[in-house]
Amino acid sequence: MEEDNFIKYDLYKSQLSKYTIPQLKKILLSKQLPTTGKKDDLILRIKDNLTGDDLKELSLPLKYILTEKGQKELSENAYVPYMHQTSKKTIENNPFGKDFTVWSMNKELAKTGLDWQILVKNYEDQQHNK
């Protein structure tokens, strides 16, 4: 995904909120800084006392963000995460006789040109009417 420019690894300081409290405390301990306080306090202390190079030296797990291209792709294909988060909607051989998977949705969207939300509602209505 990074090669196709859908995601990119972001600078360490802008990604600190994605780290866990134990990870943040480990960063602070590495520089003999206090580890008390709430998560926001820990993040602020890191930002105030460590440089990006300091953080890079710690070999922290890299975090990624969507690029503009990735955000566009996600908005155009919003049914994919929707269906992955709703396992009851992503089923094969469902009660109304059609596979209802991301792949079958992809084919139906290409064939019908319908908005994905309309297509999902049609499938759900068919399921409830059986």
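Index from 1, following the sequence.
The OG atom of Ser17 sits 12.5 Å away from atom CG of Leu42, with the distance rounded to the nearest 0.5 Å. Note: Lys25 NZ to Thr36 OG1 = 8.0 Å, rounded to the nearest 0.5 Å. Separation of atoms OG1 (Thr67) and CG (Asn5) is listed at 4.5 Å; rounding is to 0.5 Å. Tyr79 OH to Glu108 CD: the interatomic distance, rounded to the nearest 0.5 Å, is 11.0 Å. Rounding to the nearest 0.5 angstrom, the gap separating the CG atom in Asn77 from the CG atom in Leu109 is 8.5 Å.
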Q: Verify side chain to side chain contact (heavy atoms under 4.5 Å, CB included) between Asn49 and Lys31, making sure each step is shown before the conclusion.
A: CA-CA 9 Å; Asn49 292 284; Lys31 298 295 181 181; over 6 Å; no
Q: Applying side chain to side chain contact (heavy atoms under 4.5 Å, CB included), run through Thr112 and Ile118 and close with a yes or a no.
A: CA-CA 11 Å; Thr112 65; Ile118 293 170; over 6 Å; no
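Side-chain atoms of Asp115 come within 3.5 Å of backbone atoms of Gln117 as a donor-acceptor pair (strictly under, hydrogens ignored). Side chain of Asp41 to main chain of Lys38: a donor-acceptor pair is present (N/O by atom type, distance under 3.5 Å, no hydrogens or angles). A donor-acceptor pair under 3.5 Å is absent between the side-chain atoms of Asn106 and the main chain of Trp103, judged by distance alone.
Here the closest heavy-atom approach between residue Ile65 and residue Lys18 is recorded as CG2-NZ, 4.0 Å. The nearest pair of heavy atoms linking Leu58 to Ser30 is CD2-OG, 3.5 Å. Summarising the geometry of Leu16 relative to Lys47, their closest heavy-atom pair is CD1-CG, 3.9 Å, with the distance given to 0.1 Å. In plain terms, the two heavy atoms of Leu74 and Pro81 that are nearest each other are CD1-CG, 3.7 Å.
In the hydrophobic cluster analysis, where Ile, Leu, Val, Met, Phe, Trp and Tyr join through side-chain heavy atoms closer than 4.5 angstrom, Ile46 is grouped together with Ile21.
Pairs of residues two or more places apart, or lying in two chains, that qualify as salt bridge (charged side-chain N to carboxylate O under 4.0 Å, His left out) and include a residue from residues 69-83 are Lys72-Glu76.
Atom NZ of Lys39 sits in a crowded spot, with more than 12 heavy atoms from other residues, nucleotides or ligands closer than 6.0 Å.
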